[in-house]
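Take a look at the structure below.
Positions are given from 1 along the sequence.
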Amino acid sequence: DLVSNAANNIIRFGVKPEILQANMVCGNNDSNQILLMGKALKEACEISRIVFAGLEVAAQAVNYSPKEYKTSALVFGTVDREKIITGEQITEGDVIIGLRTEGISSISYPFIKVIIDRKPDIINTKIDGHNIFMDELMKPNASFVNAIDELNKHNLVHGVFSIDRSLFNNRCYNTMPKGLGACISVSSIPLSALFQYIYDLKMMDRECFLENFSLGISMLLAVPKKQC
């Protein structure tokens with residue numbers, strides 16, 4: 001999630017991530033655990049063709065518990081000035097395409113914590129007869145660097161919207177030109193087994209569910225209708 005979110009956060013402006021530097025503060029100095037995390041970060045960078053500059057570690061046993069880790073990442077990227085995606089090119093009639101991801105947004109974790117606290121037995125429940133709830137929940141978010149970069153090379157992206165929690169959060173659409181809006185049909189979004197299971201628990205109504213879960217959509221692209 002750390003690598004994907006950092007990379008997606010700048011590719012939405014057309015900026016191709018080139019180098020990523022990770023940082024971690026923890027409560028112990030377990031070299032094996034830190035090495036494992038470093039390897040995972042490097043592998044995630046390689047998927048998006050990003051150079052991994054390393055993992056800087058600061059052990060602070062006084063401030064953090066032995067199994068507590070706080071991670072962050074600094075990513076550097078490049079883009080030709082004329083390829084910067086600002087949203088100014090979005091026009092009436094453009095089509096909105098959703099990019100799916102696995103897992104959930106970290107912003108939705110508080111709701112998941114409440115659900116698990118009230119129904120702890122669901123952790124190992126098979127949500128669709130095959131996949132375990134916790135396994136599906138912890139799947140990493142997808143990186144869209146390669147896809148968006150390729151589309152942008154051919155001038156096929158008019159705008160990109162990052163969905164951090166809900167498809168209906170107005171802040172996600174702050175690059176939309178004044179006077180335009182987006183129409184999203186919830187019924188056209190295939191609901192994954194994970195989100196269907198969360199909804200079927202009946203611990204929140206439909207409005208609350210839509211306000212706090214992205215339904216597996218991590219980013220939206222505004223593209224020319226004639227290219228769809």
Quick check against the 3.5 Å criterion: does Thr86 have a side-chain atom that pairs as donor or acceptor with the backbone of Glu88? yes
Is it true that Ser48 and Ser143 share a donor-acceptor pair across their side chains at a distance under 3.5 Å? yes
Would you find a donor on one side and an acceptor on the other, under 3.5 Å apart, between the side chain of Asn146 and the backbone of Ile47? yes
Indicate yes or no: at least one non-hydrogen side-chain atom of Arg12 is less than 4.5 angstrom from one of Ile85. no
Run the side chain to side chain contact (heavy atoms under 4.5 Å, CB included) test on Leu180 and Ile90 for me, step by step, so that the C-alpha distance in whole Å, both residues' side-chain angles and the decisive distance to 0.1 Å come before the verdict. CA-CA 9 Å; Leu180 294 180; Ile90 298 175; 4.1 Å; yes
Taking Asp149's backbone N and O only, do any of them form a donor-acceptor pair with Lys16's side chain (distance below 3.5 Å, no angle check)? no
Is Gln21 reaching over with its side chain to a backbone N or O of Gly54, donor-acceptor style, under 3.5 angstrom? yes
Less than 4.0 angstrom from a charged side-chain N to a carboxylate O is my criterion; do Lys139 and Asp135 meet it? no
Would the distance check show the side chain of His154 and the main-chain N or O of Glu150 forming a donor-acceptor pair, the cut-off being under 3.5 Å? yes
Do the rings of Phe133 and Tyr197 sit parallel, tilted or perpendicular, given the 30° and 60° boundaries? tilted
Hey, is CD on Gln196 packed in by over 12 heavy atoms from elsewhere, all under 6.0 Å? yes
In this structure, would Phe111 and Met138 fall into the same cluster of hydrophobic residues linked by side-chain contacts under 4.5 Å? yes
Taking atom CD1 of Ile104 and atom CD1 of Ile112, what is their separation to the nearest 0.5 Å? 4.0 Å
Could you state the interatomic distance from CD1 (Ile11) to CG (Asn152), rounded to the nearest 0.5 Å? 7.0 Å
Shared ILVMFWY cluster between Ile107 and Leu220, side chains joined below 4.5 angstrom? no
To the nearest 0.5 Å, what is the distance between OG1 on Thr91 and NZ on Lys225? 11.0 Å
Decide whether Val114 and Phe213 are clustered together by the hydrophobic rule: side chain heavy atoms of Ile, Leu, Val, Met, Phe, Trp, Tyr closer than 4.5 Å, transitively. no
Steps toward side chain to side chain contact (heavy atoms under 4.5 Å, CB included) verdict (Val223, Leu156): CA-CA 6 Å; Val223 301; Leu156 296 178; 5.5 Å; no
Has Glu82 got more than 12 heavy atoms of other residues, nucleotides or ligands less than 6.0 Å from its CD? yes
Does the side chain of Leu99 reach to within under 4.5 Å of the side chain of Ser218, using non-hydrogen atoms? no
Which pair of non-hydrogen atoms, one from Lys83 and one from Asn155, has the smallest distance, and what is that distance? NZ-OD1, 2.7 Å
Indicate yes or no for a side-chain donor-acceptor contact from Asn8 to the backbone of Ala142 under 3.5 Å, with no hydrogens or angles considered. yes
Same apolar cluster (I L V M F W Y, side chains within < 4.5 Å links), Met219/Val15: no
Is there a side-chain contact between Leu167 and Leu210, using heavy atoms and a 4.5 Å cut-off? no
Roughly how far, to the nearest 0.5 Å, is CD1 of Ile217 from CZ of Phe195? 9.0 Å
Kindly indicate, with the supporting measurements, whether the criterion side chain to side chain contact (heavy atoms under 4.5 Å, CB included) is fulfilled by Lys119 and Leu201. CA-CA 9 Å; Lys119 294 180 178 289; Leu201 289 172; 4.2 Å; yes
Would a 4.5 Å heavy-atom cut-off, applied to side chains only, mark Ile123 and Ile116 as touching? yes
Can you tell me how far CD1 of Ile97 sits from CD of Gln227, rounded to the nearest 0.5 angstrom? 10.5 Å
Look at atom CD of Glu211 and say whether more than 12 heavy atoms of other residues, nucleotides or ligands are closer to it than 6.0 Å. yes
Under a 3.5 Å distance rule, please check whether Asp1 uses its side chain to pair with a backbone N or O of Asn141 as donor and acceptor. yes
Quick one: sort the Phe161 and Tyr173 rings into parallel, tilted or perpendicular, breaks at 30° and 60°. tilted
Within the distance-only criterion (no hydrogens, no angle test), does the side chain of Arg100 pair as donor or acceptor with the backbone N or O of Pro190 below 3.5 angstrom? yes
No-hydrogen, no-angle side-chain donor-acceptor test under 3.5 Å, Asn23 and Lys70: no
Closest approach of Ile96 and Ala182, non-hydrogen atoms and distance? CG1-CB, 4.5 Å
Enclosure of Phe209 CZ (heavy-atom neighbours >12, cutoff 6.0 Å): yes
d(Ile19 CD1, Leu74 CG) to nearest 0.5 Å is 10.0 Å
Polar side-chain atom of Ser108 near backbone of Asn212 as donor-acceptor pair, under 3.5 Å: yes
Within a strict 4.5 Å, meaning less than it, do heavy atoms of the Ile127 and Glu136 side chains meet? yes
With hydrophobic residues grouped by side-chain heavy-atom distances under 4.5 Å, do Ile10 and Val145 end up in a single group? no
Take Ile163 and Asn169 through the side chain to side chain contact (heavy atoms under 4.5 Å, CB included) test and state the conclusion after the steps. CA-CA 8 Å; Ile163 308 302; Asn169 184 349; over 6 Å; no
